[in-house]
There are 4 protein chains.
Amino acid sequence: MLISLDLQADIPIYVQLRAQIIEGIATGQLKPGDALPSVRQLAEDIGINMHTVNKTYNILKQDGFLLVHRQKGVVVNPDMLPRVTKEYVQQIHNDLRPMIVEAYCRGMTKKEFTQMCKDIFEDLKKGEAKS
Amino acid sequence: MLISLDLQADIPIYVQLRAQIIEGIATGQLKPGDALPSVRQLAEDIGINMHTVNKTYNILKQDGFLLVHRQKGVVVNPDMLPRVTKEYVQQIHNDLRPMIVEAYCRGMTKKEFTQMCKDIFEDLKKGEAKS
Amino acid sequence: MLISLDLQADIPIYVQLRAQIIEGIATGQLKPGDALPSVRQLAEDIGINMHTVNKTYNILKQDGFLLVHRQKGVVVNPDMLPRVTKEYVQQIHNDLRPMIVEAYCRGMTKKEFTQMCKDIFEDLKKGEAKS
Amino acid sequence: MLISLDLQADIPIYVQLRAQIIEGIATGQLKPGDALPSVRQLAEDIGINMHTVNKTYNILKQDGFLLVHRQKGVVVNPDMLPRVTKEYVQQIHNDLRPMIVEAYCRGMTKKEFTQMCKDIFEDLKKGEAKS
DNA sequence: GTGGTCTAGACCACG
DNA sequence: GTGGTCTAGACCACC
């Protein structure tokens with residue numbers, strides 16, 4: 001699986017890495033039960049510090065995407081991946097609102113915005129089909 | 001205009017304040033040419049540091065939402081509010097993508113997501129109508 | 001508030017520190033809304049590394065005991081302290097069971113065990129009364 | 001006797017295995033003098049590393065639950081199972097205290113907590129009766 | 001000043 | 001070998 005980070009961006013590395021791993025799961029490149037690289041291995045591969053990878057893994061563990069198997073190391077949760085909970089909807093709504101407010105203020109129409117969302121969804125599904 | 005900040009959220013105050021002012025513009029509570037409170041005044045009113053208000057105003061000036069009027073002080077740009085630029089589309093796309101990836105991974109459908117967006121748009125328009 | 005850690009024990013420092021802070025909240029030495037020392041300050045006071053304190057604070061944040069107020073720093077959650085959730089009951093049950101199994105196996109009676117628990121409860125309430 | 005381990009839990013395997021064997025003794029599935037499977041055999045049966053089983057047996061030997069019989073191999077101590085020593089009381093108290101402190105802090109009453117303990121005791125006795 | 005992030009290097013428990 | 005923990009020291013964003 002390919003990881004692409006922008007170490008110069010103002011988004012923390014661990015947040016970018018988290019997003020990349022979730023994308024891997026979303027597109028089926030990482031399937032439930034699959035083992036991930038060790039923290040040290042992945043850190044070396046992408047040229048960042050071990051602790052940064054560790055932080056990402058820990059957050060994803062807490063989210064329920066990953067868990068530590070005592071024999072296989074870190075694996076994608078084989079039993080139940082996180083679903084859309086009430087809290088998650090609340091959170092995503094809170095994140096979405098200011099974005100939409102500004103888009104609206106700049107004159108973007110509802111249609112344009114939702115089309116953008118749909119395009120991203122379609123892009124994802126294409127990635128999934130390929131994998 | 002009512003400003004509501006959450007000092008316990010993990011979103012910087014200046015970002016929240018920026019969003020609130022943009023929302024004021026979006027809903028018509030702040031119209032082009034309207035004057036905003038002075039930095040000191042607003043800081044005192046909402047109980048935050050003067051520098052934070054200043055930072056917000058500066059960013060909004062740079063964005064093109066606000067500008068300095070010789071007599072009235074800081075006002076909502078009376079000539080032309082910011083529109084949907086290419087850079088803006090790029091930025092919003094970059095922000096939107098990881099959100100959608102996670103939503104998709106959690107099993108949220110394209111329809112559910114776009115409906116959520118539409119609801120927020122509608123909510124905004126209602127606010128606009130009332131004001 | 002007095003913090004007492006055993007740096008030689010095989011219990012991680014951050015776990016001990018977490019327990020001590022919860023004890024502070026339980027006994028009323030730390031009340032909702034109270035500010036805690038900064039990570040650097042507390043680390044220096046008790047002679048451990050900043051990151052260890054930070055880890056403790058982060059876990060307690062996640063648990064809902066603490067939160068970061070952008071003006072006051074880290075504070076005891078002023079709104080709602082964590083309660084007994086279903087998951088918490090499950091977890092405490094899982095922790096308790098092997099302890100009781102061994103106690104039972106060693107011939108400790110139900111009465112002796114519960115008396116021990118009661119003693120600890122009483123001890124806590126005394127501490128609370130004093131504070 | 002059934003051994004159930006959770007390789008994804010954050011409790012070391014050898015600790016879980018130790019608890020399971022003690023539970024076997026507590027419920028009478030393993031009686032004083034009974035032989036346990038060989039290290040290799042048990043490791044293979046439950047799919048874990050031989051060293052892990054070995055470690056568990058060694059700890060249980062040191063605790064006094066098991067000992068090595070010349071002919072039968074590792075057996076449940078036929079003479080005297082470990083009792084409630086002063087050190088054991090001290091240790092269990094130290095383990096129990098932080099659990100009770102947090103439970104108390106979350107609003108669990110003394111009665112609720114002790115009832116939980118009693119339930120576990122009763123559950124154990126039921127298991128013992130059946131065996 | 002605060003917390004947040006990242007790096008570097010070390011030791012240990014576990015399997 | 002793995003992850004978990006702790007230390008040390010640094011830079012940055014925020015207020």
Side-chain angles (χ1 to χ4, degrees), chain A residues 5 7-17 35-44 47-59 61 66-75, chain B residues 5 7-17 43 47-56 59, chain C residues 5 7-17 35-44 47-59 61 66-75, chain D residues 5 7-17 43 46-56:
Chain A
L5 302 177
L7 302 183
Q8 309 309 323
D10 55 357
I11 300 161
I13 298 176
Y14 77 92
V15 174
Q16 296 182 50
L17 182 53
L36 275 79
S38 78
V39 282
R40 286 168 177 79
Q41 186 63 51
L42 184 53
E44 195 181 339
I48 62 173
N49 190 279
M50 183 201 86
H51 290 105
T52 307
V53 177
N54 200 8
K55 182 168 188 171
T56 306
Y57 279 7
N58 273 320
I59 293 172
K61 241 186 298 180
L66 305 182
L67 50 80
V68 181
H69 188 284
R70 300 193 85 86
Q71 290 166 332
K72 291 187 269 180
V74 175
V75 301
Chain B
L5 303 176
L7 297 178
Q8 309 175 157
D10 54 1
I11 302 157
I13 296 176
Y14 80 93
V15 174
Q16 295 184 51
L17 182 54
I48 63 175
N49 194 300
M50 214 183 72
H51 295 76
T52 307
V53 177
N54 204 12
K55 183 169 187 172
T56 307
I59 292 173
Chain C
L5 302 177
L7 301 183
Q8 309 309 323
D10 56 358
I11 300 161
I13 298 175
Y14 77 93
V15 174
Q16 296 182 50
L17 182 53
L36 275 78
S38 77
V39 283
R40 286 167 175 81
Q41 186 62 53
L42 184 53
E44 194 182 342
I48 63 175
N49 190 280
M50 183 201 87
H51 290 105
T52 307
V53 176
N54 201 10
K55 183 168 187 171
T56 306
Y57 278 8
N58 272 320
I59 293 173
K61 242 187 297 182
L66 305 182
L67 49 79
V68 181
H69 189 284
R70 299 193 86 85
Q71 290 166 331
K72 289 187 268 178
V74 176
V75 300
Chain D
L5 301 176
L7 297 178
Q8 308 174 160
D10 55 1
I11 302 158
I13 296 176
Y14 79 93
V15 174
Q16 295 184 52
L17 181 54
I46 56 183
I48 63 174
N49 194 299
M50 211 185 70
H51 296 77
T52 307
V53 177
N54 204 12
K55 183 169 186 170
T56 306

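Below, read A as the first sequence line, B as the second, and so on, with proteins coming before strands; counting in each chain starts at 1.
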Using a cut-off of 4.0 Å between protein heavy atoms and nucleotide atoms, how would you tag nucleotides 9-15 of chain E 5' to 3' with B, S and -?
-> BBB--SS

Sorted by chain and residue number, the side-chain contact (heavy atoms from CB on, under 4.5 Å) partners of D:Ile11 (sequence neighbours excluded) come out as D:Val15, D:Gln16

Contact class for C:Lys61 vs. all strands (heavy atom < 4.0 Å): base, sugar-phosphate, or nothing?
-> sugar-phosphate

Please confirm whether the backbone N or O of D:Gln8 pairs with a side-chain atom of A:Arg70, one donor and one acceptor, at under 3.5 Å?
-> no

Set of side-chain contact (heavy atoms from CB on, under 4.5 Å) partners for A:Val68, sequence neighbours left out | A:Lys61, A:Val74

Counting a pair only when it is Watson-Crick or G-U and both distances are under 3.5 Å, which runs of at least 3 such pairs involve DNA chain F?
-> E:1-14 with F:1-14

Gap separating the CG atom of C:Leu17 from the CD1 atom of C:Ile48, nearest 0.5 angstrom = 5.5 Å

Looking only at side-chain N and O atoms, does A:Asn54 come under 4.0 Å of OP1 or OP2 in F:dG3?
-> no

With A:Gln41, which residues qualify under side-chain hydrogen bond (donor to acceptor under 3.5 Å, both in side chains), at least two apart?
-> A:Asp45

Excluding sequence neighbours, so at least two apart, what forms side-chain hydrogen bond (donor to acceptor under 3.5 Å, both in side chains) with A:Lys72?
-> none

Taken to the nearest whole Å, CD/A:Glu44 to P/E:dA8 is 12 Å

Whole-Å distance between F:dT2 P and A:Gln41 CD?
-> 7 Å

Across all chains, not counting sequence neighbours, the side-chain hydrogen bond (donor to acceptor under 3.5 Å, both in side chains) partners of A:Asn49 are A:His51

Between E:dG3 (C1') and C:Leu67 (CG): distance, integer Å = 13 Å

Comparing C:Val68 with A:Gly47, nearest DNA chain E nucleotide closer to 5' gives the residue C:Val68

Name all residues meeting the side-chain hydrogen bond (donor to acceptor under 3.5 Å, both in side chains) criterion together with A:His69; count only those two or more places apart in sequence or in a different chain, and write none if there are none.
-> none

